[in-house]
Each structure stands twice: as C-alpha cells, then as structure tokens.
Amino acid sequence: MNYLILLTKNTWNFPIFGPIWNFIVTFLGLVMNSIYSFLDQIGIPNIGLAIILFTLVTRIILFPTSLKQQKSSRMMQIMQPEIKAVQEKYKNMTDQASMMAQQTEMRAIYEKYGTSMTAGCLPLVLQMPIIFALYRIIMNIPAYVPAVKTIYENVSSAIGGADAAQALVTFGENNGLKAVLKTLHNLGLDDPQKYDSTAIHNFVIDFLYKLNPAQWAKLPELFPQATSVIETAATKSAEINSFLGLNLATAPSAYGLKPNIYWLIPVLAGLTQWASTVLMQKQSMPQAAEGDQSAQMMKSMNVMMPLMSVWFCFSFASGIGLYWIASSLFMLIQQLILNWYFGKKTNEQLLQEAMAKANEKRAKRGLPPIDEKSIENRLKSMQAKEDSEEKNRMERIAKQSQKTKDSTEYYNKNAKEGSLASKANMVQLYNEKHEKKS
C-alpha cells in the first residue's frame with residue numbers, strides 16, 4: 001500500500017457514509033489525474049486547464065440530476081394552484097387532525113401529478129457530496145495527481161522531510177500561512193504521538209503546494225543546501241499553476257485590500273453565480289406574489305450567495321476561484337439548454353410524461369396505474385367527510401348553547417336577570433326541583 005499517497009487523501013471512517021464519501025472522492029480523484037495526465041502528454045501540464053476540464057466533466061456527470069430537478073420545478077409550477085389552495089384551507093390550523101388531513105390531501109395532489117414531495121430535494125441531496133468532494137480534490141491536488149506530488153516530494157526530501165517541519169512552521173507563520181498551517185495541524189507537530197515521520201513528510205508536501213512564487217523565492221534562505229532543488233520546483237510549480245497571468249496558488253487576499261489583477265477572480269465568481277442563479281430561478285421557480293415570503297427570501301438569496309462567493313474566492317487560493325467561475329459558467333450554459341428544452345414542452349406534455357413514468361414504476365411494483373379521476377373523487381370524499389364533521393361539531397355547539405340559554409331562562413323566571421330576586425328565585429326553584437326528585 002502506498003501510505004504516502006493515501007494519507008493525504010480526504011478519507012472518512014464514519015459507518016455507511018464514510019465508504020460512500022471515500023468512493024466519490026477516489027473516483028473524482030482518478031478523473032482529475034486522468035485529465036492532468038492527458039494535458040501532460042500533449043505538452044500543456046497546467047492545473048488551471050485541468051480544473052476547467054475537471055469541472056466540465058463533473059457538470060456532465062451531474063446533468064441527469066439537474067434535469068430531474070428542473071422537471072420537478074416545472075411540475076411544481078403546474079401543481080402550485082392546488083397546493084396553495086390546500087395550504088390556505090388549513091391556514092392557522094395547528095391541531096393534529098387538521099395537519100394530518102393537510103398531509104393526506106397534499107400526497108393525493110402529488111400522486112395525481114405523478115410526482116412526490118421529495119422529487120425536488122433528491123437531486124440536491126445527490127449533488128452535495130460530489131460538490132464537497134470537488135473542493136477537497138482541488139485544494140489538495142498532490143494527493144490525487146502523482147505527477148504534481150513528485151514536484152513537491154523532491155523538495156521535501158531535499159530539505160529533510162519530517163526534520164524540516166519545525167523550520168517550515170516558523171517560515172509559514174512569518175509569511176502569511178497560519179491558516180494553511182492550521183488545516184495541516186502545524187505539519188503534524190500539534191500531536192507528535194498521532195503523526196509519525198511519514199505523516200509529517202506528507203504534511204510538508206501539502207504545505208509546499210500552497211506556496212506562491214514570492215514565498216518560493218524566500219525558501220532558499222531557510223534551506224541553502226537545497227537551493228537548486230527548490231529553484232527547480234519553484235519554476236515547475238509556477239509553470240503548472242500559471243493561468244492567464246495569474247498564479248493559482250496565490251489567494252487574492254495575499255495582497256491585502258489593495259486592488260490588483262487577482263481581484264478579477266472573486267468578482268467574476270460573484271457575477272457568474274448571480275447570473276446562473278437568476279436564470280435558473282426565472283425558469284424553474286413558481287411565480288409568487290410580490291409580498292410572498294418565499295419570493296422575498298429568494299431575492300435575499302440572490303444577493304447573499306454571490307457575495308459569499310466573492311468572500312470565499314477572495315480568501316482561498318485562486319484555483320478555488322477558477323473552479324467556482326468555471327462551474328457557474330457551465331451551469332449558465334446548461335440552464336440555457338434546459339430552458340430551451342423545457343420551453344418547447346407544454347404543461348400537458350410534461351404532465352403526461354410524468355404520469356407515464358410514474359405508472360411505469362407502479363407497474364414494476366405490481367400497483368395499478370394512476371387514475372386521475374379516482375384521485376379527484378378521493379379528494380372530494382375527503383372534503384365531504386371534513387364538511388360532515390364540521391357540521392356535526394357546529395350542531396353540538398348549537399345544542400350546548402341552547403341548553404345554556406334554557407337553563408338561564410328557567411332560573412330567571414319572573415325576575416329581572418341578575419337581580420337579587422332572580423337569585424332568590426333560582427334557589428327556590430332549585431329546592432322545588434330537588435324535593436320533586438325526592
């Protein structure tokens with residue numbers, strides 16, 4: 001087993017979910033390595049190009065989930081009037097019977113349209129672990145691309161490997177790399193009993209990958225005996241990390257708040273995400289009234305998410321920002337294609353397709369096909385039952401009110417209501433009634 005490579009991979013030992021996560025990360029790591037190896041073979045070993053192609057491949061992999069999500073959103077538009085009617089019907093009703101009745105009617109509506117309550121959420125759930133895995137791979141490319149790892153491994157060996165860890169920690173603290181050191185457990189020195197020399201050697205490789213050209217230039221001062229190896233690695237690192245004049249290992253925040261060319265990364269990341277989000281919501285989100293709470297929330301999200309993109313891409317290495325921009329651009333193109341595709345279909349066509357697919361699944365489970373008429377009859381039957389229960393409840397209230405009224409009139413007979421005479425009369429009539437029973 002190659003312990004050196006496996007250690008720096010992002011693995012998780014949690015039961016059930018751990019193996020799934022590890023499989024996703026390993027598979028996507030192989031994709032990244034294949035892309036970089038291809039670029040290396042044709043003479044352009046460049047991490048920027050690898051990230052863009054990697055993003056394109058993953059968007060293609062995720063396309064079926066995006067298609068399913070778009071279909072679900074379009075079906076929600078068709079169903080929205082009926083769903084809203086049910087919600088209005090049970091508005092402000094918090095008793096258990098009303099809540100259960102609302103859920104039953106909602107399920108009947110979803111069944112009527114051949115979909116389910118989780119249809120819109122499932123694609124997002126499937127996408128999330130893949131998206132998180134992408135970040136881990138792009139932030140730690142040497143763990144998944146052996147050709148890149150070799151560049152930094154040579155330097156680590158030349159400067160002493162694990163023995164150089166303490167000197168590198170001091171170097172990092174003095175050169176704006178405290179955040180990097182924290183993620184790498186101070187190159188394993190935080191817990192010497194947990195991390196052996198091989199593990200520390202790996203942390204050193206990860207640390208060297210994070211250096212920008214200015215930091216590489218200072219490194220020979222710390223390790224003069226390895227100057228030649230460091231300069232060779234610095235040249236190679238600058239070559240593979242250079243993209244359109246930017247070094248992808250450099251974070252825009254490295255230059256503080258002084259405007260510079262690296263600010264293009266977070267700005268473009270925010271703009272592209274805003275454009276793709278607005279385009280997707282314009283087509284797929286149900287139309288809501290101006291004062292609708294969900295509409296106001298979506299407007300806030302349209303502002304907050306791009307701003308978060310700007311902040312993250314300003315703080316992290318530019319390689320993350322490049323991935324963010326590429327992902328948003330590909331999503332923008334994908335959304336235009338989906339909008340064109342769904343724009344050709346009428347609501348009736350989409351409804352027929354959804355019901356046909358639902359009936360196909362029901363047939364495999366030995367269930368009868370969806371009968372729209374029977375579902376409507378069921379809804380009417382449920383409504384009639386609720387109306388009958390409400391009628392009975394009102395009749396009980398009316399009877400109780402009449403009993404109270406009759407009782408008050410009986411005890412107040414021949415006396416002004418509320419007077420002392422009426423109270424005396426009430427006592428007398430009570431006694432008479434009691435004596436008769438005796």
Side-chain angles (χ1 to χ4, degrees), residues 2-11 29 47 135-242 246-256 262 314-321:
N2 193 330
Y3 181 66
L4 190 64
I5 294 180
L6 286 178
L7 179 71
T8 54
K9 287 185 176 180
N10 189 260
T11 55
I47 289 177
Y135 281 111
R136 295 308 312 167
I137 292 168
I138 291 171
M139 292 178 70
N140 202 19
I141 286 180
Y144 301 93
V145 183
V148 174
K149 172 176 162 278
T150 300
I151 299 171
Y152 307 99
E153 186 178 17
N154 292 337
V155 177
S156 180
S157 299
I159 64 178
D163 295 333
Q166 186 58 64
L168 287 174
V169 168
T170 303
F171 175 82
E173 291 174 345
N174 295 331
N175 288 275
L177 293 164
K178 289 184 179 180
V180 173
L181 289 171
K182 185 177 180 180
T183 62
L184 297 175
H185 311 285
N186 278 322
L187 305 187
L189 299 182
D190 283 349
D191 192 347
Q193 294 183 344
K194 181 178 180 180
Y195 303 109
D196 58 17
S197 59
T198 305
I200 295 173
H201 179 54
N202 275 278
F203 284 131
V204 170
I205 292 173
D206 291 340
F207 176 80
L208 293 171
Y209 174 67
K210 309 294 184 182
L211 302 184
N212 61 38
Q215 292 158 344
W216 275 108
K218 296 179 181 178
L219 200 59
E221 299 173 8
L222 188 62
F223 303 103
Q225 78 280 8
T227 298
S228 177
V229 177
I230 291 173
E231 289 178 347
T232 300
T235 301
K236 187 65 177 176
S237 178
E239 177 187 343
I240 65 174
N241 279 299
S242 179
L246 303 176
N247 187 278
L248 298 181
T250 302
S253 59
Y255 297 97
Y262 283 90
F314 180 78
S315 305
F316 293 123
S318 296
I320 292 294

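Owing to the predicted nature of the structure, the values given are computational and were not obtained by experimental measurement.
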- Note on the structure: OH (Tyr195) and CD1 (Ile200) are apart, to the nearest 0.5 Å, by 10.0 Å
- Donor-acceptor contact present, side-chain Thr183 to main-chain Val180, <3.5 Å: yes
- Message: Using the rule side chain to side chain contact (heavy atoms under 4.5 Å, CB included), only one of Val169, Leu184, Leu211 pairs with Leu177; which is it?
- Response: Leu211
- Can you tell me how far NZ of Lys178 sits from CG of Asn175, rounded to the nearest 0.5 angstrom? 11.0 Å
- Message: Nearest 0.5 angstrom please: Leu222 CG to Asn174 CG, how far?
- Response: 10.0 Å
Kindly list each side-chain donor-acceptor pair under 3.5 angstrom involving residues 154-164, sequence neighbours excluded, with atom names and distances?
| unit_1 | atom_1 | unit_2 | atom_2 | d |
| --- | --- | --- | --- | --- |
| Asn154 | ND2 | Thr150 | O | 3.2 |
| Ser156 | OG | His201 | ND1 | 2.6 |
| Ser157 | OG | Glu153 | O | 3.1 |

- Could you tell me whether a side-chain N or O of Lys210 sits under 3.5 Å from a main-chain N or O of Met139, the two making a donor and an acceptor? yes
- Taking the side chain as every heavy atom from C-beta outward, state whether Phe207 and Phe171 have any atom pair closer than 4.5 Å. yes
- Item | Main-chain N/O of Ser237 paired with Asn241 side-chain donor or acceptor, under 3.5 Å | yes
- Item | Polar side-chain atom of Gln215 near backbone of Asn212 as donor-acceptor pair, under 3.5 Å | yes
- Query: Roughly how far, to the nearest 0.5 Å, is CG of Asn186 from CD of Gln166?
  - Reply: 8.5 Å
- Indicate yes or no for a side-chain donor-acceptor contact from Tyr262 to the backbone of Asn247 under 3.5 Å, with no hydrogens or angles considered. yes
- Message: Restricting to non-hydrogen atoms, name the atom on Ile151 and the atom on Lys236 that form the minimum distance, rounded to 0.1 Å.
- Response: CD1-CG, 3.3 Å
